[in-house]
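Working notes, structure below.
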Amino acid sequence: MINLVLFGPPGAGKGTQSEFIIRDYRLIHLSTGNILRAEVEAGTELGKYAKQIMDEGKLVPDEVVIKMISNKIDATPEAQGFIFDGFPRTIPQAEALDTLLLNKGTAIACMISLNVPEDELVSRVVKRGEVSNRPDDNAETVRKRLEEYQQRTLPVASFYQSQEKLFEIDGVGSLEDIYGRITAILNHYI
Ligand code: ADP
């Protein structure tokens with residue numbers, strides 16, 4: 001089993017690169033953002049609760065997303081491995097994920113962090129907002145999301161660095177070039 005964390009700020013390209021990875025490797029894609037948006041869309045209690053938090057660019061409470069991920073991991077016992085996208089986003093989430101995987105006799109193999117300058121992130125997210133219909137894809141909310149990222153999510157990179165699992169790559173360039181940087185790392189593990 002190989003488990004990978006794809007890491008980076010809003011607009012870094014985690015979702016896009018995840019699609020390439022699942023096309024080529026037999027991994028299950030778990031994006032907490034996608035799962036939460038599906039709950040909002042379906043009008044569930046969780047969706048109603050999470051919508052306002054997401055629209056403001058804040059983080060949904062740890063216990064809520066940890067439970068969501070735990071359920072998804074349990075729902076696919078046959079998985080060859082997972083790509084975690086948008087999770088873990090806080091230190092308590094990273095610690096909980098280590099425990100969940102340890103209970104399954106596995107662990108995170110590596111974290112790939114996509115580095116993109118802030119100006120580029122804002123322009124990508126605003127551009128995505130023109131087609132995504134995501135209420136949080138606008139210049140004002142992305143600033144809040146970036147602030148949450150700096151304060152609460154960035155420490156997660158150090159968490160994996162201390163386990164010698166962090167790989168940082170340049171997230172600027174053509175989609176193919178960026179994917180090439182990712183596969184160069186993944187091919188050491190798969
Ligand atoms: P992006 O990475 O572009 O900000 P996501 O789709 O990953 O977008 O997340 C959108 C929103 O969903 C976040 O701003 C946050 O409100 C919520 N969210 C997603 N994943 C998490 C998480 N692991 N912990 C807390 N909140 C989350």
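Atoms within each ligand, like the ligands themselves, are counted from 1 in listed order. The shown structure was predicted, so the numbers you read here are calculated from the model rather than taken from an experiment.
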Practice task
Mind checking ring pair (Phe, Tyr, Trp, His ring centres under 6.0 Å) for Y49 and listing every partner two or more places apart, or none if nothing turns up?
Solution key: none

Exercise for the section: For the residue pair Y189 and F167, categorise the inter-ring angle as parallel (less than 30°), tilted (30 to 60°) or perpendicular (more than 60°). Expected result: perpendicular

Handout entry: ligand 1: protein residues within heavy-atom distance under 4.0 Å
Key = P10, G11, K14, T32, G33, L36, R37, M54, K58, L59, V60, V65, G86, F87, R89, Q93, R128, R134, D136, R145

Practice task
Look at E130 together with K127 and state whether they make a salt bridge at an N to O cut-off of under 4.0 Å.
Solution key: no

Side-chain donor-acceptor pairs under 3.5 Å in residues 67-75, sequence neighbours left out?
residue	atom	partner	partner atom	Å
N71	ND2	K67	O	3.4

Practice task
Please identify each residue that fulfils ring pair (Phe, Tyr, Trp, His ring centres under 6.0 Å) with Y25, with sequence neighbours left out.
Solution key: none

Handout entry: Ion pair check, R143 and E148, cut-off under 4.0 Å
Key = no

